[in-house]
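First listed ligand is number 1; within each ligand, the first listed atom is number 1. The basis for the numbers below is simple: all heavy atoms, side chains too, and nothing from hydrogens, waters or symmetry mates.
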Amino acid sequence: MAPRVVTALDRRKREACGGYHRRAVTRQRVMLRYDLHCHSTASDGLLEPDAMVRLAAERGVDVLALTDHDDTAGLAVAGAAAREAGIELVRGAEVSVSWDDETIHVVALRIDPECETLAAGLHAVRSGRDARARRIAAALEAVGVRGAWEGALRYVTSERLISRAHFARYLVEAGYVRDSRDVFKRYLARGLPGYVEHAWATLADAIAWIRAAGGVAVLAHPGRYRIGARGMRRLVAEFRERGGDAIEVLSPSHDADDVARFAALARRHGLKASQGSDYHGPGESFIEPGDLPELPAGLRPVWSSW
Ligand code: AMP
Ligand code: MN
Ligand code: MN
Ligand code: MN
């Protein structure tokens with residue numbers, strides 16, 4: 001009896017080790033590095049879409065989503081670059097939404113950019129940007145910033161889209177502020193002299209367009225929204241009700257408390273979790289492409305069903 005028990009135990013131990021070893025190997029193979037939020041010159045990033053993809057590949061990203069603001073114009077070039085670099089490109093966009101007086105961003109992932117409904121929706125969102133930018137320029141002029149319109153235009157890289165990031169670069173260049181973070185502390189954020197109200201897409205429309213295009217909707221960097229705990233619960237509930245799929249839990253906009261908070265919200269509301277560097281280019285971002293920790297335990301990654 002005794003020897004058999006010993007043998008059985010030995011075998012279990014060996015299997016456990018072998019099993020562990022096999023799992024470790026499999027883990028290495030399947031633990032892909034995901035970065036599901038970044039920008040290119042198709043919106044307000046500094047790198048061309050192909051350069052963005054190459055940088056991500058160099059940094060060890062296996063799956064990259066290009067998520068330009070309100071536009072999909074960079075995806076074809078990015079897709080070709082991804083094939084060349086041997087990484088996977090997730091076709092995405094970051095849709096600007098107005099919700100309850102707050103601007104919310106919804107990251108779209110795995111969209112078909114040819115979808116007419118999505119293309120028309122994004123076109124409508126973009127088309128409001130020119131008039132808004134004119135008003136931003138006028139507001140800046142009114143507080144003594146000279147040449148804001150022409151200055152911002154010099155940084156615009158897509159004729160289809162102007163963003164506050166372009167104004168920010170001009171304000172830094174012209175010496176009104178030290179860096180782009182400073183611009184948003186002194187001029188371009190809500191309540192400051194260079195901020196103008198604007199009506200973006202509704203949350204319902206944005207999610208509907210994304211779903212029409214076969215994609216999934218991710219609530220981007222919720223830690224940035226100034227809506228309080230109750231507002232956040234209401235936003236997340238409405239986001240889910242309307243067909244939203246995931247919350248961006250890991251983002252350079254989030255500190256450790258935010259990560260824990262939004263992980264808990266995702267679990268409570270049965271939403272998946274996403275992660276992204278929100279990379280805008282060298283010298284402008286808090287972190288490098290793909291430079292993200294692991295998602296907290298107990299979350300379903302947004303890619304779990306891909
Ligand atoms: P817009 O879509 O025109 O409102 O511009 C939003 C963009 O401005 C963001 O995607 C960032 O590129 C930039 N931005 C907004 N807030 C900040 C901030 N606090 N620091 C640096 N850049 C910011
Ligand atoms: Mn941006
Ligand atoms: Mn955003
Ligand atoms: Mn972004």
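Using modelled atom types, one finds a donor on one side chain and an acceptor on the other under 3.5 Å when comparing H280 with D44. For the residue pair S96/D70, the side-chain donor-acceptor check at 3.5 Å is satisfied. Side chains of W99 and E238: a donor-acceptor N/O pair is present below 3.5 angstrom, by distance only. For the residue pair H105 and E94, a side-chain donor N or O sits within less than 3.5 Å of a side-chain acceptor on the partner. Between S274 and E248, the side chains place no donor N or O within less than 3.5 Å of an acceptor N or O (distance only, hydrogens not considered). Under 3.5 Å, the side chains of Y279 and E284 contain no donor-acceptor pair of N or O atoms.
The atoms of ligand 1 that sit less than 4.0 Å from any heavy atom of S163 are 3 (O), 5 (O). Taking every non-hydrogen atom of R132 and a distance limit under 4.0 Å, the qualifying atoms of ligand 1 come out as 1 (P), 3 (O), 4 (O). Listed by atom number, the atoms of ligand 1 under 4.0 Å from A165 heavy atoms are 8 (O), 12 (O).
Polar contact check, S96 against ligand 1: no nitrogen or oxygen pair lies under 3.5 Å apart. On a distance-only criterion, R164 and ligand 1 share at least one N/O pair closer than 3.5 Å.
Here the shortest heavy-atom pairing between M52 and L64 reads O-CD2, 4.4 Å.
Counting only heavy atoms of the protein, atom 7 (C) of ligand 1 lies nearest to D44 OD2, 3.6 Å.
Distance check for E94 against the Mn ion (ligand 3): an N/O/S atom falls below 2.8 Å. Here H39 fails the criterion, with no N, O or S atom under 2.8 Å of the Mn ion (ligand 2). None of the N, O or S atoms belonging to H37 lies under 2.8 Å away from the Mn ion (ligand 3).
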task: Could you give me the CA-CA distance, side-chain angles and deciding distance for D68 and S40, then say whether side-chain hydrogen bond (donor to acceptor under 3.5 Å, both in side chains) is met?
output: CA-CA 6 Å; D68 276 304; S40 75; 2.6 Å; yes
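The heavy atom nearest to atom 11 (C) of ligand 1, out of those in R129, R190, H280, R169, is found in H280. The option from F286, F184, W200 that lies nearest to atom 20 (N) of ligand 1, judged by heavy atoms, is F184.
None of T157, V53, L55 except one satisfies the side chain to side chain contact (heavy atoms under 4.5 Å, CB included) rule with L47; the exception is L55.
For the pair R181 and F286, the distance from NZ or CZ to the six-membered ring centre is under 6.0 Å and the angle to the ring normal is within 45 degrees.
Residue H69 touches ligand 1 through its side chain alone, judged by heavy-atom distances below 4.0 Å.
Under the 4.0 angstrom criterion for non-hydrogen atoms, R224 is in contact with ligand 1. For E284, the heavy-atom gap to ligand 1 stays at 4.0 angstrom or more.
Rounded to 10°, the angle formed at the Mn ion (ligand 2) by D44 OD1 and H69 NE2 is 80°.
Note on H105: its N/O/S atom closest to the Mn ion (ligand 3) is ND1.
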